[in-house]
Number of protein chains: 2
Amino acid sequence: MLDQRKSAILQALVNEFITTAQPVGSSHIKTDTALDVSTATIRTELSQLEKEGYLVKPHTSAGRIPSDKGYRYFVDHLTKPGSLGPAQKQEVKHFFASSHAAIEALLQNTSKLLSRMTNNVGVVIGSLPDTTIIKAVQLLYSSEFSATLIFILSSADVEKIEINFLNHITESDIEKLSALLSSKSINIPLKSFLTSIPVQPENLEFEPMLRDIENAFKAYYSPSNELNDIKSSHLYVDGTSHIAESFEAIETVKNILEILEQQFVIVSLLRDVLDRGLSVSIGSENGLESLANCSLVVTPYTVDGTTVGSIGILGPTRMKYSEALATVAIIGNELSERLSKEGQTN
Amino acid sequence: MLDQRKSAILQALVNEFITTAQPVGSSHIKTDTALDVSTATIRTELSQLEKEGYLVKPHTSAGRIPSDKGYRYFVDHLTKPGSLGPAQKQEVKHFFASSHAAIEALLQNTSKLLSRMTNNVGVVIGSLPDTTIIKAVQLLYSSEFSATLIFILSSADVEKIEINFLNHITESDIEKLSALLSSKSINIPLKSFLTSIPVQPENLEFEPMLRDIENAFKAYYSPSNELNDIKSSHLYVDGTSHIAESFEAIETVKNILEILEQQFVIVSLLRDVLDRGLSVSIGSENGLESLANCSLVVTPYTVDGTTVGSIGILGPTRMKYSEALATVAIIGNELSERLSKEGQTN
DNA sequence: TCTAGCACTCTATTTTATCGAGTGCTAATT
DNA sequence: AATTAGCACTCGATAAAATAGAGTGCTAGA
């Protein structure tokens, strides 16, 4: 824990660095703070803060830059939750009040909103396979040898799986099968879908088709499939252009874009946060070389009290945390509310 | 039309520039080509090519760079279709042979494949609202006041629309409505959906609900909604990190990323190509300041002979056109075949 | 414990010099 | 008429040298 003066200095330094992106020297801090001490005193303080790992010097005769530890302290102890201006609150309210016919569009637009309001990359992760429950099942006839299996999930997502049948099927077969599946599988977790349709005496005639469905389902959710996470929990990203604004080095930009393309990486980062609530992951805490200069501000969102996904922003470590935290928090809340209200998904 | 020697010079110059990204001087061209003339002769040719608009000089004492017109000539007259190596053909075959349970995943992965094989941005556009036909309709009960309307389209896409009813509804209402819609709307174009359900004497009791559906549908496809194009024709983009490799200036990268985020811009660019077949759009031909240094190689794809969308790559004007054309063409073919076979979508 | 003062460090910026790939022109050659 | 050798000239790129100034760390005195 830092004493009052060190705190004030660290806070001023971080704030200054966030806005200017330049190393901060002792004299700047003197003007920024109300501290009535000389720059020499500030310098000794700075050098101690550096010794303790909160600050870093790019080179001998430069000002200081916050280290990840410095940012961490800043976020944990020196950042008030922050509140949005009325105009911005209005923007969020208006966004969620306006209609978004499809859930996918809502989530996609939510990532856009996050991005636009914070000038960072907006990220939204929908549906968590472990917790989602089947709210409706429907099998739709496509052709003599294929049909589409559709799940509507508690997370408000829709999953659809193409089924190819080995044997000839009829529309009436499919209808009966569909009814059968509905009767057995509603309100159980998606991951238990298979066990919910054991072969019973009365549906022996459907056994081969059920076998086909089983195979398609297994293939779709095969854990060996790296894309599985993406398929079963959609990721919506927007505002990638902001990272080109935030970083000078084109190499850095490239690396971050690559990470964003490997969606499962982001997905797992966002998942970590589910039981932690609103939280910040700073630089090296992300555990990824490529994201060493990035921070994530993430919060889970809920549907009817159950956590179903998370939203967040990805930006440079020198982001406006207070603003970011406030924005992510409010959008998370409004999204939860929007998804829960009107019983749309129950 | 350029004479033999000018052609050879232009061709050599473009090829050299594509690989080195440096302005090309007369001596390089002498070594690159089999032409048995002096550099002085080449210089006069170059200066004529420049006068005719095929080449550009960054500054007085530099080599030349192809202009958009130069690339255009190169693509139109000096580029053979190009063919992929066996390993690459294999990669494409293998990709389309392996199973992709959901169409969305297939299209998303196709953009990834395009990107990986060409080291550019891969783009896939699915479903064209004007031509898509409803293959199945289903209304699913969600709650007392809401349901989900699902269309399976000939493009293999699924559209779903949340309906909020003004009045209390029951599951049985929804079932009947669903059957009614199915009977009236299958095999008609999506855009004619509304006119396909006129109120008939026998379904007067559903009139208020049909009204609600009508409103939701109208809202969803409202032409005033700029997002409409995106919603009704999904866009899949992958490999954005490659643009950070292709361009030096971070500003350029930012601008291109921004364009990619405004999906409807890309969608309209890709649409232009539908009746032109495999084609290339170079630099200023794209009509967008931000894409002045980019080219698009695009081809439509079909399902059972009907064009339903297009795929392509976005890269720097100095891309390997021959390779790009070959790759886009083969992937387009395989995708069409894959979507058509097995009658999955009929 | 704080502060004024000062020597020292080191990057960033500017200035100057030099290099060399490439051009355009001209006069001679084929 | 086309080609080519020769040469002066241009101009960005790279390197080297000079300068400025923001910032530090240390010390001695208040």
Side-chain angles (χ1 to χ4, degrees), chain A residues 2-10 12-67 70 248-250 318, chain B residues 2-10 12-67 70 248-250 318:
Chain A
L2 299 176
D3 66 53
Q4 182 105 32
R5 195 165 70 185
K6 282 204 175 60
S7 282
I9 289 174
L10 179 58
L13 186 143
V14 174
N15 278 327
E16 172 99 10
F17 183 70
I18 281 175
T19 55
T20 66
Q22 296 298 318
V24 183
S26 49
S27 56
H28 276 92
I29 290 178
K30 183 165 168 70
T31 39
D32 283 4
T33 61
L35 292 180
D36 202 14
V37 289
S38 75
T39 58
T41 309
I42 293 174
R43 275 201 293 280
T44 34
E45 295 281 48
L46 285 175
S47 117
Q48 283 172 47
L49 281 169
E50 185 183 354
K51 210 161 289 169
E52 294 168 45
Y54 293 97
L55 300 177
V56 155
K57 254 193 311 201
H59 58 268
T60 328
S61 69
R64 262 93 171 185
I65 280 178
S67 68
E248 309 246 271
I250 201 129
R318 39 169 274 280
Chain B
L2 300 176
D3 66 53
Q4 183 104 34
R5 195 166 69 186
K6 282 205 175 59
S7 282
I9 289 175
L10 178 58
L13 187 142
V14 174
N15 277 326
E16 170 100 9
F17 183 70
I18 281 174
T19 55
T20 66
Q22 295 298 317
V24 183
S26 49
S27 56
H28 276 91
I29 289 179
K30 183 166 167 69
T31 41
D32 282 3
T33 62
L35 293 179
D36 201 15
V37 290
S38 74
T39 57
T41 310
I42 293 174
R43 274 202 293 280
T44 34
E45 295 282 48
L46 285 175
S47 115
Q48 283 171 49
L49 281 168
E50 185 183 354
K51 210 163 289 167
E52 294 169 44
Y54 294 96
L55 301 178
V56 155
K57 255 193 310 202
H59 59 267
T60 327
S61 69
R64 262 90 171 186
I65 281 179
S67 68
E248 310 245 88
I250 200 130
R318 38 169 273 280

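Letters go in sequence order (proteins before strands), and every chain restarts at 1.
- One finds a side-chain N or O of B:R64 lying less than 4.0 angstrom from the OP1 or OP2 phosphate oxygen of C:dT23.
- If you take CD1 of A:I65 and C1' of D:dA22, they are 14 Å apart, rounded to a whole angstrom.
- Across the protein-nucleic acid pair, B:L46 atom CG and C:dG22 atom C1' stand 11 Å apart, rounded to whole Å.
- B:I42 has its side chain within reach of B:V37: a pair of non-hydrogen atoms, C-beta onward, lies under 4.5 Å apart.
- Atom CD of A:E45 is separated from atom P of C:dC2 by 7 Å (rounded to the nearest Å).
- Residues passing the salt bridge (Lys or Arg N to Asp or Glu O under 4.0 Å) test with A:K6, sequence neighbours excluded: A:D3, A:E45.
- Following rounding to the nearest Å, A:Q22 (CD) and D:dG23 (C1') show an atom-to-atom distance of 13 Å.
- For the pair A:S47/A:R64, a side-chain contact is recorded, criterion being any heavy-atom separation below 4.5 Å from C-beta on.
- Within residues 23-32 of chain B, no residue places a heavy atom under 4.0 Å from DNA chain D.
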Notebook entry, point to check: Given A:L13 and A:D32, is the side-chain contact (heavy atoms from CB on, under 4.5 Å) satisfied, shown in steps?
Noted result: CA-CA 9 Å; A:L13 186 143; A:D32 283 4; over 6 Å; no
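- Side-chain atoms of A:E50 lie closest to D:dG25 of the nucleotides D:dT4, D:dG25, C:dT23.
- Between A:L2 and A:L49 there is a side-chain heavy-atom pair separated by less than 4.5 Å.
- Side-chain contact between A:T20 and A:H28 is absent, with no heavy-atom pair separated by less than 4.5 Å.
- As rounded to whole Å, 12 Å separates atom P of C:dT1 from atom CG of A:D3.
- Distances from the side chain of B:R5 to the nucleotides D:dT24, C:dT3, D:dT3 place D:dT3 closest.
- Closest of all the heavy-atom pairs between B:V24 and B:F17 is CG2-N, 3.9 Å.
- Among all heavy-atom pairs drawn from B:P58 and B:G63, the shortest one is CD-O, 3.3 Å.
- When only modelled atom types and interatomic distance are considered, A:S38 and A:T41 share a side-chain donor-acceptor pair under 3.5 Å.
- Following rounding to the nearest Å, B:E16 (CD) and C:dA21 (P) show an atom-to-atom distance of 14 Å.
- Rounded to whole angstrom, the span from the CG atom of B:L35 across to the C1' atom of D:dT4 amounts to 15 Å.
- In this view, A:S26 and A:R43 satisfy the side-chain hydrogen bond (donor to acceptor under 3.5 Å, both in side chains) rule, not counting sequence neighbours.
- The salt bridge (Lys or Arg N to Asp or Glu O under 4.0 Å) test applied to A:E16 returns no partner, not counting sequence neighbours.
- When rounded to the nearest whole Å, the span between NZ of B:K57 and P of C:dT23 equals 7 Å.
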Could you write out each protein N or O paired with an N or O of nucleotides 14-17 of chain C at a distance under 3.5 Å?
none

Notebook entry, point to check: Just by protein heavy atoms under 4.0 Å, how would nucleotides 4-13 of chain C read 5' to 3' in B, S and -?
Noted result: BB---BBS--
